[in-house]
Novice: 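My questions will all concern the structure given below.
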Amino acid sequence: MKPFEYATALTVESARQLAGANGHYLAGGNDLLGRLKDDITEASRLVNIKAIPGLNRIEPGPQTWRIGALVTIAQIEDHPEIRRVFPGLHQAAAEVGSQQIRNVATLGGNLAQHSRCWYYRHRDIQCLKKRGRICYALEGDNRYHALFTGNVCISPVVSNLAIALTALDATAVVWRDGQERRMTMAELYELAWDNPTAHHSLRPGDLLLRVEIPTVRPRSAYLQISDKHSFDWALVSCAAAARIENGRIHNARIALGCVSPVPHQVTAANQFLEGKNLDEATADQVADLLLAGAQPQEHNAYKIPMARALIRRTLLQLRG
Amino acid sequence: MSEWPAQPKVLGTRVPRVDGPAKVTGQARYTSDVQLEGLLIGMILRSKWPAARILRINLDKARKMPGIKAAVAVQDGPRIVRYYGEELAAVAGVSRQACEDALRAIEIEAEPLPFVVREEDARKPDAPRVWEQAPNAPPPRVQETGNVDAAFAECAAVIEGFYTTAVQLHHPMETHGCTVLWNDEGITAWASTQGISSVRDGLAGALRVDQSKVRVITEHMGGGFGSKFGPGVEGILAARLAREAGAPVKLMLSRFEEALAVGNRPSSFQRIKLGAKADGTLHAFEYENYGTAGVGAGQATEGGGGGADLPMPYIYRVPNRRIKQTTVAINAGSARAFRAPGHPVASFGMESAMDDLAVKLGMDPLELRIKNDPSEIRQREYRIGAERFGWKEKYRKPGSSPGPVKVGVGVASATWGGGGSRRTQGEVQINPDGSVEVRLGVQDIGTGTRTVAAVVAAEVLGLKPEQITVKFGDTRFPPGPGSGGSVTSPSVAPTVFDACTRALEQLQKQTGVPDARGENWRAACKKLGVTPLVVQGQWREGLSSSGVGGVQFAEVAVDTETGLVTVKKIVVVQDCGLVVDPLTAESQVNGGVIMGIGFALYEERVMDWQTGVVLNPNYETYKLPGLADVPEIDIVLLNMPERGVIGLGEPVHIPTAAAIANAVANALGVRVPSLPITPRKVLAALGKIPAPKSSAA
Ligand SMILES: Cc1cc2nc3c(=O)[nH]c(=O)nc-3n(C[C@H](O)[C@H](O)[C@H](O)COP(=O)(O)OP(=O)(O)OC[C@H]3O[C@@H](n4cnc5c(N)ncnc54)[C@H](O)[C@@H]3O)c2cc1C
Ligand code: SF4
């Protein structure tokens, strides 16, 4: 770890100022401190944002819920109303890491975490994402990598919460250039689709303030498959959210995680679901639409049948 | 005939660990807890090259860094390093940060060399050589008995399979390392080790100090599983740094370093052809295996047993057999002994082939074993286990369980020695106040050996285990063996029995109390006056033996849509002679089974062929079983006091992975022939994975 300065911000504006050009916001530190210790990230200054008031609140509302960026994953998991109103978000939170990690990890940090690609995370490998020359995963061991990408890097987005929030069509509210900027979840990640060095669309200095979740989809679900039964990253994850009336599904959104640098959504799949009866045949057609054009690598084609199973199970869970 | 009391009072009762309270309250002192005046931190610089000629190492700048008190090179002059992570140099300083900065300041001139880290690549004729003077894969050693080719023609059923296992890392909770004090009296090393005596001798030899000037202490230890017998490069470096700095040095490896340079279990690539007569009698066996022990086959490991050869055809007798085995060198850290070296791997290969053969013969796999297993003990264990497990009710034809989540059952077996070391010595001190101290120069590596000693002493002296203070882990005590080969309990128990029996006799003689045990104890001890009684003892015959068998049954559920395997139940039937303390024995069984689950389903060191690094040097991607992965473990210990004490730490680990693999095959109706059995491999075995992009090599 290289030496750095440490500062605590008390307001959003001061956080932005303190961060300067090469400062890093420090929330729970699960991701950032690990990267600093492994010499993956160098920071001239850490700006502790945990003392900024107002960012750690869960605020219910009839149309929209607001969840502050400093809310911990354990708080999301344990919130009884979230469990009822956004069961998919609850499930996604409950599957993150271990209890110890969830106690400390924040929503903002979970969304803004860096790639977990084991080449990227290796202290002595300079891959494309670390501004090296090549992507090692392409010809190397890519069992955990993506089926889709818009660039060369095949490191997938692994944030559980990002997938659930995508299905729920949440809005991320970001402090940029002295004002609040609203981004869809797709916008929050789209840069990682095109740019191999990006993990998301946040620019240096951008501060996530909160997410806002509309309540129009009372049914939601999140499922993942890992190698182990707990405390393990998803190999594939799937989230879906919708309103169900008279057995028919409306306003549905479905997203896959760990298969693309961005939460993987296909508009045609969401549209196809409109007004359908939720059954296995429908689910299989949605899977076809979601997985069309998948480009498996040498070691990750298993994600295709796994995703199919998850898509079916997640959609059927929406029936309640 | 065993000399153990026929009607024991303490032996065989469930005695909680005597050091349990100290451990759960954090008072137990492990190596990294040792605090000394002026203690420095030591850290190692490791090769970033998987292979390179090191021309020059310049420590000058590092030595001048703030807070740095010593810097040493592993070796002077040019040398070749053969894997990523091989030790080059080390520094000692006042903080981790100071050391990290100093490591960065070390200048190394090196010429990178070609390297190879995958077994299949290393076997190619044009592969880079790991050792310049020898090919990576020497010609196989061949053992042949009977007439194999003719015998296969006589078989009613023949199967062929290719079964593979991955390199497994020891990853003890406590990493390797030690804290070394070097002053006028000599060296004192607090080492995380399974062998205090071998560490003492290793340090004395490497540093050219009399063995009498080296003291090694291991009060508590967080696991080694075979990888912690010698001082290791890290221990020698710690001592050299302490000498140069003139101050004590603590050098504990990081989790990252644990994955590189301190041992592993070799991989295996086992091609098996197995044939039987129509009644199931095994008749012909042909075997070819290679595996990698990294850069070496155990030569640099002090642990021995690190080679990749397997005891085949394991527990079965096949009259006609041809066995060819070789190792493959790759540019990766060397193997070391690992909980029952060779056996879990052999068991997986052989027991998989047995089940595949049973399918071909249309036989119940349990029947096939009963037909062919020569061990009387295991014959008993098959029957007991089958009953307990409900084999008859649970066993179905492979793949016949309905629905997408299929259940299956499997069985596998083990053999092991586990006898004691005849050279074990010990002493007991009886104090005038009645307190008792038992001292042995062995170490409790977390297995509960201290408790075993307390139970035996309490039994002989008619006391309670908590009245006995057991002192282990100091080379100043009478010497005992290293903790490997499951020898520790059968070494310690007879020795403590002997020392206590003699001590009791002498106490009675000296004090004139005819029976000093139990309620007479305090009064008798008081008569000692002011001088405690110290009596030596040694291992003696008739209190232990060796040779155990074990059988395990597994029940699994496999999700055929996602590939996820869930172990639902393991039944263990194991003999270990006299069960000294069922609690510590069962704890060993639980640990062995859980480790077997890891070997079966999760654990695999992943090497990158492009860069030569270990890609998963952490607990996040080197996957170990967690509580949610652990099923009900039902344990039946065959208590056979007449055989005396026998070790059981290793045998209980052996058959778990094979039993699980067989249960998965039974559930699916197809075999996943490769450990670990991950969802990816299950889906592949089921033919559910579309063909990959063709460009990939
Ligand atoms: C062993 C392990 C297992 C894990 N398993 C999972 C898992 O299964 N699923 C999963 O989803 N995650 C998993 N995680 C990731 C974990 O959830 C994230 O590391 C954690 O959520 C990050 O949150 P934090 O508050 O600790 O962030 P920090 O480490 O403090 O920050 C992470 C990054 O986000 C930036 N940041 C933080 N807050 C803000 C903000 N408000 N605005 C802008 N930028 C910000 C930081 O600058 C930094 O770059 C795992 C992590 C570990 C170590
Ligand atoms: S997938 Fe991305 S992060 Fe991983 S090696 Fe390739 S470029 Fe680097």
Side-chain angles (χ1 to χ4, degrees), chain A residues 1-3 34 37-39 97-98 101 116-127 132 134-144 147 223-233 235-236 238 291 294-313, chain B residues 46 48-49 84-85 96-97 100-101 104 254 256 404 559-567 598 601-602 604 606-621 623-630 676 678-684 686-697:
Chain A
M1 184 155 48
K2 306 268 171 66
K37 286 185 198 164
D38 289 344
D39 288 325
S98 63
I101 287 173
R116 293 313 289 203
C117 168
W118 48 15
Y119 293 97
Y120 177 77
R121 291 273 167 176
H122 198 286
R123 55 170 73 241
D124 287 323
I125 295 179
Q126 289 299 321
C127 75
I134 62 166
C135 167
Y136 289 93
L138 282 177
E139 297 291 324
D141 198 316
N142 44 40
R143 70 182 73 175
Y144 299 132
L147 300 170
L223 292 175
Q224 72 175 51
I225 294 291
S226 310
D227 284 323
K228 298 199 298 171
H229 292 80
S230 77
F231 195 4
D232 195 7
W233 295 90
L235 299 166
V236 179
C238 181
L291 293 167
Q295 288 204 316
Q297 307 293 327
E298 188 182 0
H299 304 287
N300 70 352
Y302 71 94
K303 291 194 176 193
I304 293 176
M306 195 178 270
R308 281 194 164 277
L310 278 180
I311 291 164
R312 180 157 13 91
R313 291 179 190 183
Chain B
R46 294 176 180 275
K48 295 196 187 318
W49 303 275
Y84 174 91
R96 284 192 76 82
Q97 190 59 52
E100 274 189 31
D101 292 344
R104 265 193 215 102
S254 64
F256 178 79
D559 188 329
T560 55
E561 293 175 351
T562 63
L564 187 70
V565 176
T566 304
V567 183
L601 301 180
Y602 309 124
E604 170 185 12
V606 182
M607 302 295 301
D608 180 50
W609 69 271
Q610 306 161 98
T611 57
V613 307
V614 175
L615 279 177
N616 55 346
N618 49 52
Y619 276 176
E620 177 197 332
T621 45
K623 302 188 179 187
L624 292 161
L627 267 185
D629 307 306
V630 176
T678 56
R680 175 168 72 123
K681 291 185 192 163
V682 170
L683 292 172
L686 290 168
K688 294 196 171 177
I689 300 187
K693 202 173 71 175
S694 58
S695 73

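Here is the naming used below: chain letters follow the sequence lines, and residue numbers restart at 1 for every chain. None of the values given here were measured: they were computed from a predicted structure.
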Novice: I'd like to know whether Tyr144(A) forms a ring pair (Phe, Tyr, Trp, His ring centres under 6.0 Å) with Trp118(A), so could you lay out the CA-CA distance, the side-chain angles of the two residues, the decisive distance to 0.1 Å, and finally the verdict.
Specialist: CA-CA 9 Å; Tyr144(A) 299 132; Trp118(A) 48 15; 5.1 Å; yes

Novice: Which region of Arg313(A), side chain (C-beta onward) or backbone (N, CA, C, O), has a non-hydrogen atom less than 4.5 Å from a non-hydrogen atom of chain B, or is it both or neither?
Specialist: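 Only the side chain of Arg313(A) comes within 4.5 Å of chain B.
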
Novice: Non-hydrogen atoms of chain B under 4.5 Å away: do they reach the side chain of Tyr136(A), the backbone, both or neither?
Specialist: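 Backbone plus side chain of Tyr136(A), per the 4.5 Å heavy-atom cut-off to chain B.
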
Novice: Answer yes or no: are there more than 12 heavy-atom neighbours, outside Lys37(A) itself, under 6.0 Å from its atom NZ?
Specialist: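 Result for NZ/Lys37(A): open.
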
Novice: Select one option (side chain, backbone, both, neither) describing which atoms of Asp232(A) are under 4.5 Å from chain B's heavy atoms.
Specialist: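 Only the side chain of Asp232(A) comes within 4.5 Å of chain B.
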
Novice: Using heavy-atom distances under 4.5 Å, tell me whether Ser226(A) contacts chain B through its side chain, its backbone, both, or neither.
Specialist: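 Looking at Ser226(A), just its backbone touches chain B.
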
Novice: For a quick check under 3.5 Å, do Glu620(B) and Asn618(B) share a side-chain donor-acceptor pair by atom type?
Specialist: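 There is no such pair (donor and acceptor under 3.5 Å, judged by atom type) between the side chains of Glu620(B) and Asn618(B).
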
Novice: At a heavy-atom separation under 4.5 Å, does Leu624(B) approach chain A through its side chain, its backbone, both, or neither?
Specialist: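 Backbone only.
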
Novice: Examine whether an atom of Val614(B) lies under 4.5 Å from a heavy atom of chain A, and if so say whether it belongs to the side chain, the backbone or both; otherwise answer neither.
Specialist: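 Contact with chain A: backbone only.
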
Novice: Under 4.5 Å heavy-atom distance to chain A, tell me which part of Thr562(B) shows up: side chain, backbone, both or neither.
Specialist: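 For Thr562(B), backbone and side chain are both near chain A.
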
Novice: With a 4.5 Å cut-off on side-chain heavy atoms, are Leu235(A) and Asp227(A) touching?
Specialist: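 Contact flag for Asp227(A)/Leu235(A) side chains = yes.
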
Novice: Less than 4.0 Å between a side-chain N and a carboxylate O, is that true for Arg104(B) and Asp39(A)?
Specialist: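 Looking at Asp39(A) and Arg104(B), the cut-off is met.
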
Novice: Is the number of heavy atoms from other residues, nucleotides or ligands within 6.0 Å of CZ (Arg123(A)) greater than 12?
Specialist: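 For Arg123(A), atom CZ is crowded (more than 12 foreign heavy atoms under 6.0 Å).
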
Novice: Asp629(B), Leu601(B), Leu683(B), Asp101(B): which one forms the most heavy-atom pairs within less than 4.5 Å of chain A?
Specialist: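 The option with the most such pairs is Asp629(B).
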
Novice: Report which part of Leu615(B) has an atom under 4.5 Å of a heavy atom belonging to chain A: side chain, backbone, both, or neither.
Specialist: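 When you check distances to chain A, atoms from both the backbone and side chain of Leu615(B) fall under 4.5 Å.
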
Novice: Using a strict cut-off of less than 4.0 Å between a Lys/Arg side-chain nitrogen and an Asp/Glu carboxylate oxygen, indicate whether Arg312(A) and Glu561(B) qualify as a salt bridge.
Specialist: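 Answer for the salt bridge query: yes.
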
